[in-house]
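Below is one structure, written out as structure tokens, with a few remarks after it.
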Amino acid sequence: MKVLKFGGTSVANAENISKVIEILISESKKQNIAVVVSALGGITDELIKAGTFASLKDETYITTFDHIKARHLETVKLLISIARAKDVSKNVEAKLEELKNLLHGIFLINEFSNKTRDKILSFGELLSSYIISEKLKDKIKLSELKDSRELIVTDSTHTKAIVNTKLTNKNIASYFNSNKAKVIILPGFVSRNEHGDTTTLGRGGSDYTAAIIASALKASDLEIWTDVSGMFTANPKLVKQAFPIEEISYQEAMELSHFGAKVLYPPTVQPALQKNIPIYIKNTFEPKAKGTLIKKKTSNTNGPVKGISHIENIALLTLEGNGMIGVPGFSKRLFSALSIAEINVVLITQASSEHSICVGVYSNDAQHAKKMVDEEFAYELSLKKIKPLLVEDQLAVVAVVGDNMKNHQGISGRMFKSLGQNNVNVRAIAQGASERNISAVIAHKDIKKALTTLHNRFFEKQVKTLNLFIVGVGNVGQILINQIKQQQDYLVKNLLLNIKVIGISNSKKMIFNEDGIDLSSWNTLIKKGKTRTHDTFFKEVTDLNLSNSIFIDVTANEEVAKTYKDYLKESISVIACNKIACSSKYSDYQELKELSRKYNASLLFETNVGAGLPIIYTLNNLVNSGDKITSIQAVLSGSLNFVFNNFNENNSFYDVVKQAQAEGYTEPDPRIDLSGVDVARKILILAREAGFKMDLKDIKNESFLPKESLKAKSVAEFYKTLEKQASHFETIYNKAQNKNCQLKYVAEFNNGKAKVSLKEVDKDHPFYNLEGKDNIVLFFTERYPEQPLIIKGAGAGAEVTASGLFADIITLGRN
Ligand code: ADP
Ligand code: ASP
Ligand code: MG
């Protein structure tokens, strides 16, 4: 004998029931089966709704009733053969009439006691089992319906009754033993007490009904058929990467279900465990899928963590006070107060100081708990030996579960590190001595992030997902997006990095997609995007609350730079090619560095100097490994290098600058480059990264521009002065030419002092042959005192800047 249970979704409508019937036909060919069914999906909730409306004297209950009626009659119409549909409908209608009368009674006396509630709710399973058994009669002759209330006897704890196992087992055995039917259909969830009143086994209790029957009959298997292909590593509705667990022990399944894995009603495991009956979780809509096998001992092919689950709507109660230290009996009184109030304790923690005890309860019990506990300790409260019970709400519990965790070190370390790195604040921790479960109390808003983070940590060790939010889609931003698109598959395969672009914004609009924006159509999508401000963008990023979030600034905008702080404080890493933040006031730069450390979020800005060249990376490695920078000599402006490499007798200074701008080598405002400010910022950033406290005003800037150009109020005016002052530039050029020298705009840092200036370099100088838009940096350090460490290559251009940003993203992902 085998027992099968079909849940609400599996029997939600005629179409689904037909699938159930197919499974039953196939199974009954192999052996006799007992089949437990739930109410049609959603009906139990509707029955509660109808009863509640009626008790509130709200006539809406009639509409709800009509809806319940329509769903059942529609199912009969579509399911049962025409010949018998009339009779079946008549019986269903008669039952529904009884329900309607009961609801009317509730309406009249406006009372919806737990006893009445059980009676009302029983209609869901009684109707579904009747309809299904009628359908089955067409297909399997030896099939019949048995009302579980005639078998399962309970106490009178209405809504969640306790089963009288002895009597129940006897009833079940005697009914089944004398029965020849191939298939017996039974309603789940419903039972009766000694007086014959209807009771129920708790929400989700049809699983339990099936387990009770399986246990009484010592069935070969118990199969729970539902809408997912097994017990998953985490709730599949919240964690997309979750997958079915092939095998799991009774204890593990019990822990997971107690901690919120709704797929199995927690009390279900015990009866099966007692008789060592394997439980299979199967998918009605994918019967071929393997599903999950729950048994005594599992083969240990996977890691020590089997699954992650969570419970929502938790409140934390803290009883605290100096008067508790060393005084016995406080916890006993606390727990007995909660027990008298029938409050279920989900989690308990107590520090060894005994100064406080913390318990987690369901939110809707919290206020009642406070009242009861404060009453219990009224005397101690009046003496100020303890504080009034502290209630913190809007919390949740996440639990990591596995029998084998006790044999592995560092599981809790990994768990809390991952949560911490993703800014999930842990309010309380509990770990049973069995070490089968480690639970953390977190904010409700962090549930999804915590689950995906932990899932990623324990089950997807292979692939790490980075969630990018890109601001600025000019030349560089667009190329970056294309580079990401092109490399996505490669990175997953070779570096186990899954790079997803979740948000993109230009100066006006923004778009988001939690699953990753389609990078081939982002530029069309953004036209229809939402209006963007710094605040709305920030809010979207923080509301999404994804793990490994990275904010990427591809603008040159001061206001954007000011928002980095906010992101870092949310533990969101920042990658910027925008130089403003790192070259603004030293205190601001310092603050960003501190926030990055404090909130464990990276701040990377390699492209601030030399575009994609690994300049800051190299400098950081030197400093971190204990070297000291004594001097830096550098040509850091790709634009100025381009200008002075192309400026000669045939090309006027004006023409060359125009060309540099047209080819994208200058900032949008060329004055920033030509005035030397851009280079000054770069050497400032290098000096700071080398460990020196400097500000922009400390960088000596000897400009080669005539006064008139420096004073120009607009870009257009600036260009005019370049044309007018042609001879000024020619003189500079000729002077250098006469000495056989090249003109280079050089940044220098020597022992704490820095300057930028135009220099004539002769042919023996390493800068002499620097071509096109190339940059060069010479680091003189204690370890490189005479021959400097040299980095040289293209230091400007959208392609290399984008690839520098991309390198920062990858660096961050591999950390
Ligand atoms: P039924 O109506 O068949 O009894 P339930 O709704 O009670 O089904 O349980 C199945 C649901 O449990 C799934 O649809 C899923 O949303 C939820 N669930 C929560 N945690 C898990 C988990 N770890 N594995 C599988 N399902 C889970
Ligand atoms: N119908 C009941 C409920 O929704 C029992 C069950 O489906 O398991 O809670
Ligand atoms: Mg269920």
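What's counted below: heavy atoms across the whole structure, side chains too, no hydrogens, waters or symmetry copies.
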Which pair of heavy atoms, one from [X] and one from [Y], lies closest together, and at what distance?
X: N557; Y: N578; value: O-ND2, 2.8 Å
X: L805; Y: V554; value: CD1-CG1, 3.9 Å
X: S549; Y: I572; value: O-CG2, 3.5 Å

Measure the shortest side-chain to side-chain distance between [X] and [Y] over non-hydrogen atoms and say whether it is less than 4.5 angstrom.
X: N467; Y: I550; result: no
X: T298; Y: K306; result: yes
X: I484; Y: L519; result: yes
X: T536; Y: K530; result: no

Task: H444, NE2: over 12 other non-hydrogen atoms inside 6.0 angstrom - done: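 Atom NE2 in H444 is crowded, with more than 12 foreign heavy atoms closer than 6.0 Å.
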
Tell me if a side-chain donor or acceptor on [X] pairs with a main-chain N or O of [Y] at a distance below 3.5 Å.
X: T292; Y: I245; value: yes
X: D207; Y: T268; value: no
X: S128; Y: S38; value: yes
X: T811; Y: A807; value: yes
X: S596; Y: L592; value: no
X: N344; Y: Y362; value: no
X: N422; Y: L546; value: no
X: E392; Y: L316; value: no
X: Q488; Y: I499; value: yes

About how many Å separate [atom2] of [Y] and [atom1] of [X], when rounded to the nearest 0.5 Å?
X: F459; Y: Q241; atom1: CZ; atom2: CD; result: 12.5 Å
X: R436; Y: Q251; atom1: CZ; atom2: CD; result: 4.5 Å
X: I470; Y: I552; atom1: CD1; atom2: CD1; result: 5.0 Å

With a 3.5 Å cut-off and sequence neighbours excluded, list the donor-acceptor pairs that the side chains of residues 307-315 form with protein atoms.
{"unit_1": "S309", "atom_1": "OG", "unit_2": "L256", "atom_2": "O", "d": "3.3"}
{"unit_1": "S309", "atom_1": "OG", "unit_2": "F259", "atom_2": "O", "d": "2.9"}
{"unit_1": "H310", "atom_1": "NE2", "unit_2": "E312", "atom_2": "OE2", "d": "3.2"}

- [ ] Could you please spell out the steps behind the salt bridge (Lys or Arg N to Asp or Glu O under 4.0 Å) verdict for K282 and D221?
- [x] CA-CA 12 Å; K282 301 277 289 173; D221 308 278; over 6 Å; no

Closer than 4.0 angstrom, basic N to acidic O: yes or no for [X] and [Y]?
X: R203; Y: D45; result: yes
X: E514; Y: K448; result: yes
X: D543; Y: K445; result: no

Task: Partners passing side chain to side chain donor-acceptor pair (under 3.5 Å) against S249 (at least two apart in sequence or in another chain) - done: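 For S249, the residues satisfying side chain to side chain donor-acceptor pair (under 3.5 Å) (neighbours in sequence not counted) are E252, D403.
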
Task: Partners meeting side chain to side chain donor-acceptor pair (under 3.5 Å) with R597 (sequence neighbours left out) - done: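 Scan of R597 (side chain to side chain donor-acceptor pair (under 3.5 Å), adjacent residues dropped) gives none.
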
Open item on the list: With side-chain contact (heavy atoms from CB on, under 4.5 Å) as the criterion, how do N437 and V400 come out once you've worked through the C-alpha distance, each side chain's angles and the decisive distance to 0.1 Å?
Closed with: CA-CA 6 Å; N437 172 332; V400 167; over 6 Å; no

TODO: State, without any angle test, whether D446 and N545 hold a side-chain donor-acceptor pair at a distance under 3.5 Å.
DONE: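 A donor-acceptor contact under 3.5 Å links the two side chains.
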
Task: Residue pairs, two or more places apart or on separate chains, that pass ring pair (Phe, Tyr, Trp, His ring centres under 6.0 Å) and touch residues 469-525 - done: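 For residues 469-525, and leaving out neighbouring residues, the ring pair (Phe, Tyr, Trp, His ring centres under 6.0 Å) pairs sorted by first residue read F512-F537.
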
TODO: Sequence neighbours left out, what passes side-chain contact (heavy atoms from CB on, under 4.5 Å) with K528? Give chain and number order.
DONE: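 Here no residue qualifies.
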
Open item on the list: Considering only residues two or more places apart or on different chains, which pairs with a residue in residues 497-506 satisfy side-chain hydrogen bond (donor to acceptor under 3.5 Å, both in side chains)?
Closed with: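 Applying side-chain hydrogen bond (donor to acceptor under 3.5 Å, both in side chains) to every pair that reaches into residues 497-506, excluding sequence neighbours, yields T465-N498, S505-R532.
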
- [ ] Measure from the ring center of F243 to the ring center of F232 and say whether it is less than 6.0 Å.
- [x]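 Centroid separation for F243 and F232: 6.0 Å or greater.
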
Open item on the list: Quick one, K5 with E223, criterion salt bridge (Lys or Arg N to Asp or Glu O under 4.0 Å). Give me CA distance, side-chain angles, the key distance, then yes/no.
Closed with: CA-CA 6 Å; K5 176 259 171 178; E223 294 182 353; over 6 Å; no

